[in-house]
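Each remark here refers to the structure printed beneath this line.
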Amino acid sequence: MRSARTSRRAMTFAVVAALATGLLAGCASDDDDGGSGGAGGSGDKKGSTTLTVGTFGTFGYKQAGLYDEYMKLHKNITIKENVTTRTDVYWPKTLTRLQAGSGTDDVQAIEIGNITEAVQTQAAKFVDLGKEVDKSQWLDWKNKQATTKDGKLIGLGTDVGPMAICYRKDLFKKAGLPTDRTKLAELWKGDWAKYVDVGKDYMKKAPDGTKFVDSASSVYNAALGGAKDRYYDKSGKVIWDKSQGVQDSWDAAMEVATSDMSAKLKQFDKPWDQGYANGTFATVACPAWMIGYIQEKSGDSGKGKWDVAAAPTAANWGGSFIGVPTASKNQKEAIALAKWLTAPEQQAKVFGKQASFPSTPSAYSTLKPKADTTAYFSDAPLTQIFSDSAKTIPVQIFGVKDQPINTAITDTGILQVEQKGKSPEQGWDAATNEVKDVLGQ
């Protein structure tokens, strides 16, 4: 079972090298799982300062030339990036160092799946960056994810993962459905249940060997990515079994799982990759960073067949932050570097290299998708679709056990129904038992 703690950066580890010319790709790694030791930067006899940046996967800063650019602008600064491939290795190691008050890097990356834990349990270990920046540069919901109850901002937003629907317009045409992205967006606007209804219509005349969607879990995650209510309330209380967002997302997933519209493929497994090449499914909920992945896996035969429409609701999957630990011996210099790396101009440069979608709206007007990717997706207005979604994503509350709860629901509950033929009630019971184990109940 793929760990939910493996971020979308690691999930696309095997393909990024092949996506150098794509628009939007998941991120990869340039180090092993062990990563480098992070003992913070230091000064030398000549008065220069070495700053360390601790990241997981490929953040794109080095690849976009930002470190070199910064060092040219600041002759007294040397930057060293310490990289760990997987977040499930990176974050426990980082926690240990934060709690010890030593060994951290000067600038420390935090994945969205870990930001709540950092806010709730490690805020005292990070500098309040809200006092150092103009917070209005970032999406409001992004800032709130990294803000404590008393208003301390422990991390600056790097990228986000706004959602859309990627679809095969050639398969839609064969199924007798509209192929225009605007008309389709109107058909399912505002409700993932409407998206499922389109799936039912698709299956009435589905081309042989095709299904409407890759999996029921895909629909669940996409729907929940735009829900205001998830697994925790504002007080930190677990409400997953009473959450309206969870219930609506589960209901949509069950409509898929108990019908014939799902290809029953687990995302990022080899059969799922092959499904793109074979045209096995007609739609997939796609965050911005998945565009390049689809292009690579579908291959040349998919050019001009894929298109992109707005998702039923604005939703997010993915994203990270960078913070400055109080243990840094070079706080002033580290804060300046963190501010510069996450400024709109630099976020746009990272987008240009590996298309991590910026968390700073002022950068959106400057983003230019690569011509071959735009053509591949039928000249869809990719930047507009994803930026419109990013601007309207609701503020969501995440909890410390958010990721394992989600995994219990998708990899146990939904899988029981979709793969093993259990009833939705049985699937929910299986998920409930798994969640209780996660929560120690």
Side-chain angles (χ1 to χ4, degrees), residues 2 6 8-28 161-175 177 179 181 184 195 198-199 202-203 206-222 225 256 260-309 311 317-318 354-355 357 369-370 372-380 382 385-386 410 415 418-419:
R2 185 182 301 276
T6 303
R8 48 95 174 154
R9 300 176 189 275
M11 285 192 287
T12 53
F13 171 74
V15 303
V16 173
L19 296 178
T21 60
L23 161 67
L24 302 160
C27 305
M163 198 82 71
I165 298 295
C166 293
Y167 66 99
R168 283 280 299 264
K169 64 181 185 180
D170 59 322
L171 298 181
F172 268 56
K173 183 177 181 179
K174 291 178 181 179
L177 294 178
T179 60
R181 65 182 73 95
L184 287 172
Y195 168 76
V198 174
Y202 176 88
M203 293 309 300
D208 291 343
T210 72
K211 300 294 184 180
F212 178 66
V213 68
D214 58 334
S215 70
S217 291
S218 171
V219 174
Y220 175 85
N221 285 325
V256 173
D260 62 348
M261 73 176 75
S262 172
K264 303 180 181 180
L265 298 172
K266 187 174 181 180
Q267 290 190 328
F268 300 100
D269 280 357
K270 188 174 181 179
W272 186 67
D273 292 346
Q274 295 171 334
Y276 283 111
N278 298 331
T280 302
F281 46 89
T283 71
V284 61
C286 53
W289 50 264
M290 196 184 285
I291 291 289
Y293 191 98
I294 294 172
Q295 183 176 352
E296 195 270 343
K297 292 302 177 183
S298 294
D300 292 341
S301 63
K303 183 177 181 179
K305 295 179 180 178
W306 283 96
D307 207 329
V308 183
W317 177 11
Q354 65 181 40
F357 207 82
K370 294 181 183 293
D372 65 331
T373 299
T374 301
Y376 194 92
F377 287 89
S378 304
D379 295 321
L382 298 171
I385 290 171
F386 287 118
T410 58
L415 185 144
E418 187 172 49
Q419 301 280 359

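Below, each value reflects all heavy atoms present in this structure, side chains not excepted, and no hydrogens, waters or symmetry copies.
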Rounded distance (nearest 0.5 Å) linking atom [atom1] of [X] with atom [atom2] of [Y]:
X	Y	atom1	atom2	value
Phe172	Thr283	CZ	OG1	6.0 Å
Gln295	Lys370	CD	NZ	10.5 Å
Asp379	Thr373	CG	OG1	11.5 Å
Lys211	Thr280	NZ	OG1	10.5 Å
Ile291	Tyr376	CD1	OH	10.5 Å
Asp214	Phe281	CG	CZ	5.0 Å

Would you say [X]'s side chain and [Y]'s backbone share a donor-acceptor pair under 3.5 angstrom?
X	Y	answer
Trp289	Trp317	yes
Lys297	Ala277	no
Ser298	Ile294	yes

Nearest heavy-atom neighbours spanning [X] and [Y]:
X	Y	result
Phe386	Pro287	CE2-C, 4.0 Å
Leu171	Gly279	CD1-O, 3.9 Å
Met203	Thr210	CE-O, 4.0 Å
Gln267	Val284	NE2-CG2, 4.1 Å
Ser215	Leu265	CB-O, 3.1 Å
Ser262	Ala216	OG-N, 3.8 Å

**OP:** For the residue pair Trp272 and Phe268, categorise the inter-ring angle as parallel (less than 30°), tilted (30 to 60°) or perpendicular (more than 60°).
**Re:**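 It falls in the tilted class, 30° to 60°.
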**OP:** Return the orientation label for the Tyr195 and Phe212 ring planes: parallel under 30°, perpendicular over 60°, tilted otherwise.
**Re:**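 Plane angle between 30° and 60°, so tilted.
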Name every donor-acceptor pair, under 3.5 Å, that has one atom in a side chain of residues 162-169 and the other anywhere in the protein, sequence neighbours excluded.
{"unit_1": "Tyr167", "atom_1": "OH", "unit_2": "Thr179", "atom_2": "O", "d": "2.7"}
{"unit_1": "Tyr167", "atom_1": "OH", "unit_2": "Arg181", "atom_2": "N", "d": "3.2"}
{"unit_1": "Tyr167", "atom_1": "OH", "unit_2": "Asp307", "atom_2": "OD2", "d": "3.4"}
{"unit_1": "Arg168", "atom_1": "NE", "unit_2": "Asp170", "atom_2": "OD1", "d": "2.8"}
{"unit_1": "Arg168", "atom_1": "NH2", "unit_2": "Asp170", "atom_2": "OD2", "d": "2.8"}
{"unit_1": "Lys169", "atom_1": "NZ", "unit_2": "Ser378", "atom_2": "OG", "d": "3.1"}

